[in-house]
Protein chains: 2
Amino acid sequence: MSGFQRYKKILDLFSEERSSWTVIEISKSLKTPSSTIYRIVREMVTAEFLESASGSYFRLGPAFIKFNRIIKFSDPLVRAGQPFLKKLANENPITSVNVLARLYGNNVMCVADYKSPSFKKNTSYQRGKLMPLIYGATSRAIIMQITGKRLENLINLENFKSDEDKKKFLKDLKSDRKKGYCFTEGQVDKGLIGFAVSISNKKLGIEASLSSIFNLDDFLLEHEPIIYANLTTYGLLVEKYINEIFEDIQKYHHETNSIR
Amino acid sequence: MSGFQRYKKILDLFSEERSSWTVIEISKSLKTPSSTIYRIVREMVTAEFLESASGSYFRLGPAFIKFNRIIKFSDPLVRAGQPFLKKLANENPITSVNVLARLYGNNVMCVADYKSPSFKKNTSYQRGKLMPLIYGATSRAIIMQITGKRLENLINLENFKSDEDKKKFLKDLKSDRKKGYCFTEGQVDKGLIGFAVSISNKKLGIEASLSSIFNLDDFLLEHEPIIYANLTTYGLLVEKYINEIFEDIQKYHHETNSIR
DNA sequence: TCACAATTCTCATTTTATAAGAAATTTATT
DNA sequence: AATAAATTTCTTATAAAATGAGAATTGTGA
């Protein structure tokens, strides 16, 4: 264990289910002497990546809240897309969850979400949540914009039930790519149906999607055209805004560089 | 520069105003050879604490979104208090911003916020934002629960305009502590007025506050009793729920420890 | 395709981390 | 209040890792 991994391994122990650990527990879990862990934890507490709670427990520190905020207010995708999620929710014909998600390494992560107030069910679509790569429209609209070797590598890391499944998946991907949008039913949460469009910006390295998720019970076929129209319109707008933000950033860096 | 600081120094460069940096820029800024920075940045990209953007720029990575989410769904204060912010907003006589904040090291940080939809003005009260320690009711309700040497140390780090100011501050603190609630006007944002109550849990090491912020223009004296009643009622409820969550955590750790 | 910028690699040297156990401090118990 | 137990820090020789200069490689835009 060396370099940043030393710290990362400790942070990775913390989860929603298990959000506080003692040094002894960490030490046992990582098979590392407690004197070493004490020193490392102390460092991380100083840096506010951990904080000490009661009864010699430690939990994740405020640094994450702080940096999350910086991302939220500066990430071009979130900045451009966030405002449209509420609009989508209001204009969709039925109650919905609306999501911006993007590819991070080999995972799809939800980076912003807005649920209509009347949407009661709990869903997997919440900012920060990792989504399965090959299930759900949200993810599909992301990977359908990826091709060639890169797609192959991504897909090879996934466990398909059978080779048939994999072939079908790739075939669907191809036809969805042509259409420019996609939908899936119950792949992530039972009783939910999702529609999504791709969002991308090559210069910023963004491979993302905008999606609306509905209760299957509420859904009627006649809703479909409106849903697609909304997603397509707002999807394009988000891309346009991302581009504007990109240009702002360019200009800003140009200015600050020339000042120095 | 050693240990975790090595990484922290780099992360600390990123801000809302300047959210992407090239290796060369980092290297200049930290006066460290670029070959070293390249290595460190690579490590952090692997760990998803940074990610590469376009044009050889790097920005904060998805790890922060992930860990922020874990905190949001597991921090006892946020879990207990979040649901009441909306209720407060609905039951307050005038449009308001409602905030849970807590002491982190020498800073007060907002950890949850809910703005009534009709509240138009932008405010400093947003999750993740650091608040000044000695200004505003939000902060006051936190430090008024701290006494003795600890209070002295905290206060000594602050820059008061004069010794008079400092004395007055300490005097106000004392009387507010007796009352159990406090209010301030325009100390953080001009034209806003804030009311707050203390929230604490010794066992969990939580020193926090619940506050409602209003437009000064909307405010009438007759609103005051209702505002205080709401804050006090919900404040107590939040403390009660924090306690319940604490007991759940206890139970959970007891179970998981006895299994091993 | 070429030139230039970005990134990785190599390696001798310096610096830092490690872990066992002792010491100190804090917390719980009688 | 005294004692016991648990938590945390400190000390140290030794092992391991980081550093940085420069070379080598890769990527990129005209």
Side-chain angles (χ1 to χ4, degrees), chain A residues 1-11 13 20-47 49-59 61 105 148-150 153 201-205 246-247 250 253-254 257-258 260, chain B residues 1-11 13 20-47 49-59 61 105 148-150 153 201-205 246 249-250 253-254 257-258 260:
Chain A
M1 209 177 13
S2 79
F4 196 69
Q5 274 308 106
R6 189 176 33 241
Y7 306 99
K8 178 86 182 331
K9 280 243 171 124
I10 292 179
L11 293 174
L13 292 173
S20 51
W21 290 73
T22 67
V23 169
I24 305 296
E25 286 168 353
I26 296 172
S27 142
K28 275 182 190 161
S29 178
L30 301 182
K31 296 185 180 55
T32 307
S34 56
S35 62
T36 302
I37 302 294
Y38 270 114
R39 181 171 35 77
I40 298 179
V41 165
R42 202 187 323 143
E43 274 187 88
M44 294 172 83
V45 169
T46 307
F49 278 66
L50 291 178
E51 63 168 351
S52 72
S54 67
S56 67
Y57 277 92
F58 290 85
R59 58 167 110 93
K149 192 79 197 163
R150 178 114 183 283
N153 290 337
N201 186 301
K202 258 201 168 163
K203 283 174 276 175
L204 279 167
F246 172 70
E247 277 160 15
Q250 292 275 59
H253 281 302
H254 185 72
N257 281 334
S258 48
R260 275 174 218 168
Chain B
M1 209 178 8
S2 77
F4 196 68
Q5 274 309 107
R6 189 173 34 241
Y7 306 99
K8 178 85 183 331
K9 280 243 171 123
I10 292 179
L11 292 174
L13 292 174
S20 51
W21 290 74
T22 67
V23 168
I24 305 297
E25 286 167 354
I26 296 172
S27 144
K28 276 183 190 160
S29 178
L30 301 182
K31 297 183 178 55
T32 306
S34 57
S35 62
T36 301
I37 300 295
Y38 270 114
R39 184 171 32 77
I40 298 179
V41 165
R42 201 189 321 145
E43 275 188 87
M44 293 172 83
V45 169
T46 307
F49 278 64
L50 290 178
E51 63 168 351
S52 71
S54 67
S56 68
Y57 278 92
F58 291 86
R59 58 171 172 241
K149 194 77 198 163
R150 180 113 182 284
N153 289 338
N201 186 302
K202 259 202 167 164
K203 286 173 277 179
L204 280 167
F246 173 69
I249 296 173
Q250 292 274 58
H253 281 302
H254 186 72
N257 282 334
S258 49
R260 273 170 219 170

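Within every chain, numbering begins at 1; the chains are lettered A, B, ... in the order of the sequence lines, protein sequences first and strands thereafter. Just so you know, these numbers use all the heavy atoms, side chains as well, and skip hydrogens, waters and symmetry mates.
- When each of D/dT19, D/dC10, C/dA6 is scored by its nearest atom to the side-chain atoms of B/Y38, the top-ranked nucleotide is C/dA6.
- Considering only side-chain N and O atoms, B/R6 lies under 4.0 angstrom from the phosphate OP1 or OP2 of D/dT19.
- For A/R39 and A/F4, each mapped to the nucleotide of DNA chain D holding its nearest heavy atom, the one lying further toward the 5' end belongs to A/R39.
- The CD atom of B/Q5 sits 19 Å away from the P atom of C/dT15 (whole-angstrom rounding).
- Residue B/T22 is classed as having no contact, given no heavy-atom separation below 4.0 Å to the nucleic acid.
- Picking from C/dT7, D/dG20, C/dT18 the nucleotide with the shortest atom distance to the side chain of B/F58 gives C/dT7.
- Of the candidate nucleotides D/dA21, C/dT18, C/dA17, C/dA17 has the atom lying nearest to any side-chain atom of B/S2.
- For B/M44 and D/dA18, the CE to P distance is 14 Å, given to the nearest whole Å.
- If you check C/dC9, C/dT18, D/dC10 against the side chain of B/S35, the one that comes closest is C/dC9.
- When heavy atoms are screened at a 4.0 angstrom cut-off, B/S34 is found touching no nucleic acid atom at all.
- A heavy-atom distance below 4.5 Å is not found between the side chains of B/T22 and B/F58.
- Relative orientation of the A/F4 and B/F49 rings is perpendicular, given thresholds of 30° and 60° on the angle between their planes.
- Set against D/dG22, C/dT7, C/dT18, the side chain of A/T36 has C/dT18 as its closest nucleotide.
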